Asks: 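Pasting a structure below so you can have a look.
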Amino acid sequence: MSEAGIVTARRIEDLFSTLMPAEKASVISHGVALRLSDLQKRRFLAESKVRHFEKKYHTTLEKLDAKGLPDDADYEMHEDYVMWHHWAEVLEETEERIASLQKIAEQGLYVGEIVGAGE
């Protein structure tokens with residue numbers, strides 16, 4: 001992150017720290033919900049790309065990596081292989097991010113908002 005980016009992040013953190021606890025929880029709750037939604041869409045896309053290649057080549061990436069590309073692999077298969085690895089990495093990283101955010105969501109932030117909704 002650039003120095004300007006670090007300064008901006010610190011300013012945001014400082015402003016965030018001035019919020020009332022209920023407002024902080026609300027911001028986190030909504031932010032987590034939005035981010036989880038985005039990440040779930042990304043996971044769906046990555047899963048569909050990986051499944052597409054598995055169907056197309058009748059194997060998994062792990063098996064293909066273990067065997068290596070066939071000697072007669074054409075240009076398309078080489079390109080697919082690179083993209084297959086890309087989408088497998090995207091899937092793994094996205095699942096890690098989802099798991100991390102779900103830990104926050106499980107802390108009951110949503111429940112607190114529902115309880116205080118009528119106030």
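Worth saying up front: this structure is predicted, and the values here are computed from it rather than measured. The figures here come from the full heavy-atom set of this structure, side chains too, leaving out hydrogens, waters and symmetry mates.
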Asks: Let me check something: any side-chain donor-acceptor pairs from residues 14-21 under 3.5 Å, sequence neighbours excluded? List them with distances.
Replies:
from: Ser17; atom 1: OG; to: Asp14; atom 2: O; distance (Å): 2.6
from: Thr18; atom 1: OG1; to: Leu15; atom 2: O; distance (Å): 2.6

Asks: Looking at CD1 of Ile98 and CG of Leu39, how far apart are the two atoms once the value is rounded to the nearest 0.5 Å?
Replies: 5.0 Å

Asks: Could you give all pairs that pass the side-chain hydrogen bond (donor to acceptor under 3.5 Å, both in side chains) test and reach residues 87-101, with sequence neighbours left out?
Replies: none

Asks: Tell me the side-chain hydrogen bond (donor to acceptor under 3.5 Å, both in side chains) pairs involving residues 31-43, sequence neighbours left out?
Replies: none

Asks: Between side-chain atoms of residues 62-77 and protein atoms elsewhere (two or more places apart, or another chain), which donor-acceptor pairs fall under 3.5 Å?
Replies:
from: Asp65; atom 1: OD1; to: Tyr81; atom 2: OH; distance (Å): 2.4
from: Asp65; atom 1: OD1; to: His85; atom 2: NE2; distance (Å): 3.0
from: Asp65; atom 1: OD2; to: His85; atom 2: NE2; distance (Å): 3.3
from: Asp74; atom 1: OD1; to: Glu76; atom 2: N; distance (Å): 3.4
from: Asp74; atom 1: OD1; to: Met77; atom 2: N; distance (Å): 2.9
from: Tyr75; atom 1: OH; to: Glu79; atom 2: OE2; distance (Å): 3.4
from: Glu76; atom 1: OE2; to: Lys56; atom 2: NZ; distance (Å): 2.6

Asks: Rounded to the nearest 0.5 Å, what separation is found between the CH2 atom of Trp84 and the NZ atom of Lys49?
Replies: 14.0 Å

Asks: Within the side chain of His30, is there an N or O that forms a donor-acceptor pair under 3.5 Å with the backbone of Ser26?
Replies: yes

Asks: Kindly write out the residues that satisfy side-chain contact (heavy atoms from CB on, under 4.5 Å) with Ile6, not counting sequence neighbours, or none if the list is empty.
Replies: Met1, Arg10

Asks: Identify the two heavy atoms, one from Leu36 and one from Ala105, that lie closest to each other, and give their separation to 0.1 Å.
Replies: CD1-CB, 4.3 Å

Asks: Identify whether Leu61 and Met83 are in the same connected component of the hydrophobic contact network (ILVMFWY, side-chain heavy atoms under 4.5 Å).
Replies: yes

Asks: Could you tell me the separation between the CD atom of Glu3 and the OG1 atom of Thr8, rounded to the nearest 0.5 Å?
Replies: 10.5 Å

